[in-house]
Amino acid sequence: MPELPEVETVRLGLNELILGKKIASIEVLSEKSMRSARSDVDAFAVGAVVKDIDRRGKLLILHLDNNYSILVHLRMTGQMVYVDQSTRFGAGHPNDSLIHSLPDSSTRIICTFDDGATLYFNDQRKFGYWMVVPTSQISEDAFVAKLGPEPLLPEFTASVFSERLNRRKGTNIKAAILDQTVLAGVGNIYADEALFSAKIHPSTLVANVAEEQREELHEAIVDVMNLSIQHGGSSDKNYVNAEGKRGSYLTFAQVFRREGQACVVCGDTIQKIRVAGRGTHICPTCQQLSIKRRTQK
DNA sequence: CACTTGACCTGTCCGC
DNA sequence: TGCGGACAGGTCAAGT
């Protein structure tokens, strides 16, 4: 499930692979994966050159040279995989590599460039999307306009984080940090990892998270995301980078998908519970419930 | 208004 | 082996 570190890894990869390339065609295999009209895709994306690649939270933004941009959201199972002659047939790619079998049954959009290279948008569950929009209107997009601050920018300070949390005083801390309007980019993996690192139980009511704990959580979110980017993100099931390769962060994860294992800090057994409607991983000893918590069903 | 739950999808896994 | 159902989770719409 691509969260900020995975999307950032894809962005870094695409920056090395498709900048300056001219889009020759865009084939839409699944209508709901392309939110723009066919006529807009043809008029404003086909024929344009990829100028720059940006990211806002979990949203990938391909800036074209004609003042239009392609917004790409990977949601849960989206992949952006680049293939050209050298990667398809060249050295360094094992025979079982994903790129040798593309397109496959999950391919939803095929973008070809005028040099013969191809960018595949795969999305098993069809939750993700591409959208062609005028660059000047991105900030007015309903989703973009509501996004909270970027956690990896210097202006995202502990006090900004604390203020943002106060928008959701009545809910639990996990639901609050998953809320993209509070801050942009945290998903289920990094929510669990950051809360463990900060020793906060995910069911704790936001109003009951002390200022010092908020500072610890702020630091944990930033640290866990930076560490993940260094390791190419997390590949639970579907995620791969722009070269079709998996990320290795989950080998460093301390609680996510580690239920039944011993906590690296105290040795207690990691549990999987349900918080904010999500599978949630905690160490019951390290993450004690402080005072009252948000009641859960 | 604030918050929670269900829907959207499809592949996988589990129990019978 | 086959089948039904639960499950995975980012976001939005609907419900409380």
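Quantities reported herein were computed from a predicted structural model and do not represent experimental measurements. All chains are named by letter (A, B, ...) in the order of the sequence lines, taking the proteins before the strands, and each is independently numbered beginning at 1.
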Q) Rounding to the closest angstrom, what is the interatomic distance between dT12(B) and dT11(C) at atom P? A) 24 Å

Q: Rounded to the nearest angstrom, tell me the gap between atom CG in D123(A) and atom C1' in dC9(B).
A: 9 Å

(Q) Going by side chain to side chain donor-acceptor pair (under 3.5 Å), name the pairs with one or both residues in residues 136-145 of chain A, residues two or more places apart or in two chains. (A) none

**Q.** Gap between atoms CZ and P, on R274(A) and dT5(B) respectively (whole Å)
**A.** 10 Å

Q. Please give, in whole Å, the distance from dC9(B) C1' to L29(A) CG?
A. 17 Å

Q: Could you check D84(A), V49(A), I53(A), I23(A) and say which one makes a side-chain contact (heavy atoms from CB on, under 4.5 Å) with I18(A)?
A: I53(A)

Q. Taking everything shown except Q261(A) itself, do over 12 heavy atoms lie less than 6.0 Å from its CD?
A. yes

Q: For G279(A), report the nucleic acid contact type (base, sugar-phosphate, nothing); a contact means any heavy atom under 4.0 Å.
A: sugar-phosphate

Q) Under a 3.5 Å cut-off on both pairing distances, which runs of 3 or more consecutive Watson-Crick or G-U pairs involve DNA chain B? A) B:2-8 with C:10-16, B:10-16 with C:2-8

Q.
Please pick, from dC9(B), dG10(C), dT4(B), the nucleotide with the shortest atom-to-atom distance to any side-chain atom of K32(A).
A. dC9(B)

Q | Listed once per pair and sorted, the ring pair (Phe, Tyr, Trp, His ring centres under 6.0 Å) pairs that draw on residues 16-45 of chain A, sequence neighbours left out | A | F44(A)-Y68(A)

Q) Atom CZ of R168(A) and atom C1' of dC3(B): how far apart are they, to the nearest Å? A) 7 Å

Q. Heavy-atom distance under 4.5 Å between the side chains of Q230(A) and F252(A), does that happen here?
A. no

Q) How far does the C1' atom of dC13(B) sit from the matching atom of dG10(C), given to the nearest Å? A) 22 Å

Q) Is E150(A) paired with R56(A) through a side-chain N to carboxylate O contact shorter than 4.0 Å? A) yes

Q) Does any non-hydrogen side-chain atom of P149(A) lie less than 4.5 Å from one of F156(A)? A) yes

Sort me out a list of protein N/O and nucleotides 11-15 of chain B N/O pairs below 3.5 Å, or just none if empty.
unit_1	atom_1	unit_2	atom_2	d
dG11(B)	O4'	Q124(A)	OE1	3.1

Q | Sequence neighbours excluded - side chain to side chain donor-acceptor pair (under 3.5 Å) pairs with any residue from residues 111-124 of chain A | A | K21(A)-D115(A), S25(A)-T112(A), T77(A)-D123(A), Q79(A)-N122(A), R88(A)-Y120(A), T107(A)-N122(A)

Q. Could you state the CZ-P distance from F127(A) to dC7(C), rounded to the nearest angstrom?
A. 16 Å

**Q.** NZ/NE/NH1/NH2 to OD/OE distance under 4.0 Å, D192(A) and K174(A)
**A.** yes

Q.
Within the 4.0 Å limit for protein heavy atoms, which parts of nucleotides 11-16 of chain C are touched? Write it as a string from 5' to 3', B for base, S for sugar-phosphate only, - for none.
A. BS----

Q) Does NZ or CZ of R108(A) lie under 6.0 Å from the centre of the six-membered ring of F121(A), at an angle within 45° of the ring axis? A) no

Q. Between dC9(B) atom P and E31(A) atom CD, what is the distance in whole Å?
A. 13 Å

**Q.** Which atom of R168(A) lies closest to which atom of V206(A), heavy atoms considered
**A.** O-CG2, 3.2 Å

(Q) So, OP1 or OP2 of dT10(B): does either fall under 4.0 Å of a side-chain N or O from K126(A)? (A) yes

Q) What is the distance, rounded to the nearest whole Å, between atom CZ of R257(A) and atom P of dC7(C)? A) 13 Å

Q. In whole angstrom, what separates I173(A)'s CD1 from dC3(B)'s P?
A. 12 Å

Q: Test L165(A) against every option in V209(A), T171(A), V182(A) by the side-chain contact (heavy atoms from CB on, under 4.5 Å) rule and name the one that passes.
A: V182(A)

